[in-house]
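Remarks on the structure that follows.
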Amino acid sequence: MHAIIDCNSFYCSCERLFRPDLREKPVVVLSNNDGCIISRTDEAKELGVGMGAPYYQNRDIIRQHDVAVFSSNYHLYGDMSSRVIDTLRFLVGEGEERLEVYSVDEAFVDLRHVPASELQDFSVHIRETVEEWTGIRVSVGVASTKVLSKVANRLAKKDKQRTGCVLVLDTEDKVRDALQRTEVGDVWGIGGRYAHRLRNEYGINTAWQLRHVPLEWARKNLGGVVGLRLIRELNGEPCIPMKEPLENKKMIATTRMFGKPVFDLAPLREAVATFTTRAAEKLRRQYSAAQAIDVFVVTNGTQGGAYAYDPRSDHRYARLPQPTSLTQELLSIAVPLVEQLYRPGMKYLKAGVILSGLVPDGSLQGNLFVPEAENRQRLLMDAVDNINFSMRDDAVKFLASGLTRNWKMRQELRSKRFTTRWEEMYEVG
DNA sequence: TCTGGGGTCCTAGGACCC
DNA sequence: TCTGGGGTCCTAGGACCC
């Protein structure tokens, strides 16, 4: 059996930890740039605040009902996430790979070592311990496959009163009931496009109906072997294995919406240089080097009047002469790319840098076959990373990144980094 | 009068996830 | 005036090779 453990309204729960006065109140957390609502408590949901909905469209409800609003505080969420994961790791035992961290607020657990008769109790134990040790409330879904455990988890969370946030699908009857109560678009792996087609072209509305489509049909219409696996998993046949931990990323991106639109080349270039620098740091953190770089910009289309939101994107791609993790080398490629992309008169909303073709960094421990100067460059990078890490972000930076940064994103409602910065620690008194 | 087959590597694009 | 950011996997199709 597999379990998926998923934190309830994770970002909002993190904020509530330091604001006990908000325990029963509606809370929402906004995306970067204070753009969209990316986490909401049940109370906010009941008021009709949509998930992923633009903040400005919900301002009236939020004001009327005194909803607490926070900008996202990734220092806090990242730290709370590690605490939850550490707790889970303790609970399921060390050794074999029983834990797969799936996202910042979710983990799969392999429960094959737990006797069937103890699954319910063990799941409740997990839920209670995580809450006791971290203050974060989680939901637990258990079933024979990952896809079914996601179904279980969703229902556990949906009906907290009845399930106590734990649902174990250990009989065929329970599985059928769960699938019949799950809409096809709520199945893990069925996104908006597939859901629309399934409903409108094939009359498939529930997970239960989806379970019974022919495998060959799934292969043809649901993305090849991906669709095949999905249907098999719905039928209780495990096809999606637990993933190895500590895999390196295969692509690294740094992209941002601008706090206000950018029209000139200079700030656009600064932004791309800053994103390249940040991406290069992430690259070095996992000891990789990149072989290719893609720079993209998003403009607002000129059609449709001044207020239309009509984003268009354009990008330039370049391969590097050899894999590198050096900021200077990446900048020397990225900056010309954005200069090629720039068109005077356009309104730029966003830009980004994507590093790909990642390989282990060959320049790491002094490479005999490269010129001495290159090894020293790597040492310089390490020194810069250390200074920026231990002092503050961007204590040392490349001039190309600019000094003014008036394109920086808005984050007006961010809480303190209570658990990761001494000067922002929570005070009792 | 006639024109193979099989393989690899790469990239773009489409779907999905949280 | 205002709509996030960072990932994964798979497939099709072209280039190239023997």
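No hydrogens, no waters, no symmetry mates; every other heavy atom, side chains included, goes into these values. Here is how names work: the chains are called A, B, and so on, in the same order as the sequence lines, proteins then strands, and each is numbered from 1.
Pairing for B/dT8 goes to C/dA15, judged as Watson-Crick or G-U wobble with the two contacts each under 3.5 Å.
Here the side chains of A/Val49 and A/Val28 are in contact, with some heavy-atom distance below 4.5 Å. Between A/Asp361 and A/Ser288, the closest side-chain pair of non-hydrogen atoms is not below 4.5 Å.
As judged by a 4.0 angstrom heavy-atom cut-off over every strand, A/Thr254 is placed among residues touching the sugar-phosphate backbone only. Heavy atoms of A/Ile252 sit under 4.0 angstrom from primed sugar atoms or phosphate atoms, though from no base atom.
For A/Val226, whose side chain is taken as the heavy atoms from C-beta onward, the closest listed nucleotide among C/dG6, C/dC2, C/dC10 is C/dC10. Nearest nucleotide to the A/Lys250 side chain, out of C/dT3, C/dT8, B/dT11: C/dT8. Closest contact between the side chain of A/Lys282 and the listed nucleotides C/dT8, C/dG7, C/dG5 involves C/dG7. Of the candidate nucleotides C/dC2, C/dG7, C/dG4, C/dG4 has the atom nearest to the side chain of A/Met257. Comparing C/dG4, C/dG7, C/dG5 against the side chain of A/Thr255 picks out C/dG5 as the nearest. When each of C/dT8, B/dT11, C/dC2 is scored by its nearest atom to the side-chain atoms of A/Arg319, the top-ranked nucleotide is B/dT11. Nearest nucleotide to the side chain of A/Tyr317, out of B/dT11, C/dT3, C/dG5: B/dT11. When each of C/dG7, C/dC2, C/dG4 is scored by its nearest atom to the side-chain atoms of A/Ala253, the top-ranked nucleotide is C/dG7. With distances taken from any side-chain atom of A/Lys350 to the nucleotides C/dC2, C/dG4, C/dG5, the minimum falls on C/dG5.
Between the CG atom of A/Leu355 and the C1' atom of C/dG7 there is a distance of 14 Å, rounded to whole Å. Whole-Å rounding puts the A/Ile38 CD1 to C/dG6 P distance at 12 Å.
A/Lys157 meets the salt bridge (Lys or Arg N to Asp or Glu O under 4.0 Å) test with A/Asp6; sequence neighbours excluded.
Taking the six-membered ring for Trp and the full ring otherwise, A/Phe70 and A/Tyr11 have centroids separated by 6.0 Å or more. Aromatic ring centres of A/Phe108 and A/Trp188: separated by under 6.0 Å.
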Review point. For every nucleotide of nucleotides 13-18 of chain B, 5' to 3': is a protein heavy atom under 4.0 Å from its base (B), only from its sugar-phosphate (S), or from neither (-)?
Key: --SSSS
**Study point:** Residue pair A/Asp294, A/Val353: steps toward the side chain to side chain contact (heavy atoms under 4.5 Å, CB included) verdict
**Key:** CA-CA 6 Å; A/Asp294 193 66; A/Val353 172; over 6 Å; no
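The gap from the C1' atom of B/dC2 to that of C/dC18 amounts to 22 Å, rounded to the nearest Å.
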